[in-house]
Amino acid sequence: MLKSALSQLQTIWTILQHSFTRSETVQYPEQKPYLAPRYRGRIVLTNDPDGEERCVACNLCAVACPVDCIALQQGVKEDGRWYPEFFRINFSRCILCGMCEEACPTNAIQLTPDFEMCEYDRQNMVYEKEHLQIDGTGKYHDYNFYRVAGLAIAGKDKGAARNEAEPVDVRSLLP
Amino acid sequence: MAEPGLGTLGTIAFGIAIIAAAVGGAAVLTWFERRLLGIWQDRHGPNRLGPFGVLQVVADMLKLLTKHDWVPPFADRAVFVFAPTAIVVAMLLGFAVVPFGPDLYVLDLNIGLLFFLGMTSLAVYSVLLGGLASNNKYALLGGLRSAAQMVSYEVFMGLSLMGVVMLAGSFSLRDIVEAQRELWFCIPQFLGLLTFTVAGIAESHRLPFDLPEAEHELTAGFHTEYGGMKFAMFMLGEYLGLILISAMIVTLFFGGWLGPWLPPVVWFGLKVFALICFFILLRAAIPRPRYDQLMTLGWKVMLPLTLLNLMATGALALWWRA
């Protein structure tokens, strides 16, 4: 009995000591919490180091997306590059899981540490390509898909990519 | 009844002032309690609206005032509406006998202490009737618990004060304060203070003993079906009870308005404030006991302690007088 009474007193004392501890609360709108660069927030489309858009409209992100919030249409430019004719993400569906980023073979689609995208009108949550495309390279500064891929485009023939051997003439018997 | 210390008009004005101050204080207390609880739980509490968030009180009040005033169709309408008013009226009447200063009081009854005990006991009816009239399982359980709680603590609540009455030789709260000029009763009547504090918390249904409400088990206990201003009345009654019990403990055990240098009213206010903070600390620190544990505590620990205190006080008082 006495022991339990002392235990109660000890509890009160412990709580009283908390008058002098700092508050754990982050006062959000004034005080922003630190978000890691790898934080999964608003989705962007990035450019390669040369300033060309990275997305090749392969549709892998749309396939990977568990909530089917990505829609796009592939087109081919005159120089042979693939690009999305439109690229649409419905952020009112998006669950920010990052599957699209993992699926992307060209590092084009990336998630950013920004989550403040409230809208009064649901339709405004649908982002078109011009809303998604940014000028920079995002998290990967050096990667350029067409420099390492075997696809021939204007100004880069087969075998001209980095670490790529000259094309082999399969009809020739010479070594 | 003794002659009023302020004159008839003055007493009426003071009574109205006390009602305003008590209701206002109870309203501000809702905010203050949340801030204090926040500090003790390492967070901020409501700090957005106005300086330190004090305008939260106004926001809450506006919200409660504009809520739909709804009576459930299955409830006993008359009792349902009456119940919340009873607690507020009873608690406010309890303030009538509290001496705020040597001449600052509404009533100086020669049975002031009994009047206080009677009024706080009446407040229990509010909870009981509210629980019963709601016609809801949880509300009924809350009312039931309130009744069980009442039989456990009302017994030793009155008895715990008899030591004070013996030492002061009077039921009048003014005389009790005057009798503490040499020594506050919190020292010779330490057991009385302990038991009365426990009973006081149970009386005002504050957290360690808020079994009738027990929102984790009974959704909201006796006021499950209440909303809007009727709910606000219950809350107001609870906070009024907190202030009243604090004022009573100060009057009976901590020398009321007595104190050096500062004016008596200020001393009284400071002591009440400190006690309210202590009660909020209890709420922050102590978990709710089980229903049977509370009854066990009341009957097997607090009642014997009170009787022991009563006998020892009586014996010593007689011995000293002889």
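In the text below, chain A, chain B and the rest are named by the order of the sequence lines, each starting its count at 1.
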*To the nearest 0.5 Å, tell me how far A:Thr11 OG1 sits from B:Ile286 CD1.*
7.0 Å
Should the heavy atoms of other residues, nucleotides or ligands under 6.0 Å from [atom1] of [X] be counted, would the total exceed 12?
X: B:Arg43; atom1: CZ; result: yes
X: A:Glu78; atom1: CD; result: no
X: A:Lys139; atom1: NZ; result: yes
X: A:Tyr143; atom1: OH; result: yes
X: A:Asp169; atom1: CG; result: yes
X: A:Asn163; atom1: CG; result: no
X: A:Met99; atom1: CE; result: no
X: A:Phe115; atom1: CZ; result: yes

_I need the contact set between residues 290-302 of chain B and chain A: heavy-atom distance under 4.5 Å, sorted by residue number._
B:Leu297, B:Val301
*Which residues, numbered in order, of residues 32-58 of chain A come under 4.5 angstrom of chain B by heavy-atom distance?*
none
*Which residues in residues 17-29 of chain A have any heavy atom lying under 4.5 Å from a heavy atom of chain B?*
A:His18, A:Ser19, A:Thr21, A:Arg22, A:Ser23, A:Glu24, A:Thr25, A:Gln27, A:Pro29
*Measure A:Gln10 against the heavy atoms of chain B and call it side chain, backbone, both or neither at under 4.5 Å.*
neither
*Which heavy atom of A:Ile15 sits nearest a heavy atom of B:Ala284, and at what distance?*
CG2-CB, 4.0 Å
_Going by the rule ring pair (Phe, Tyr, Trp, His ring centres under 6.0 Å), which residues pair with B:Phe268 if we only count those two or more places apart in sequence or in a different chain?_
B:Phe100
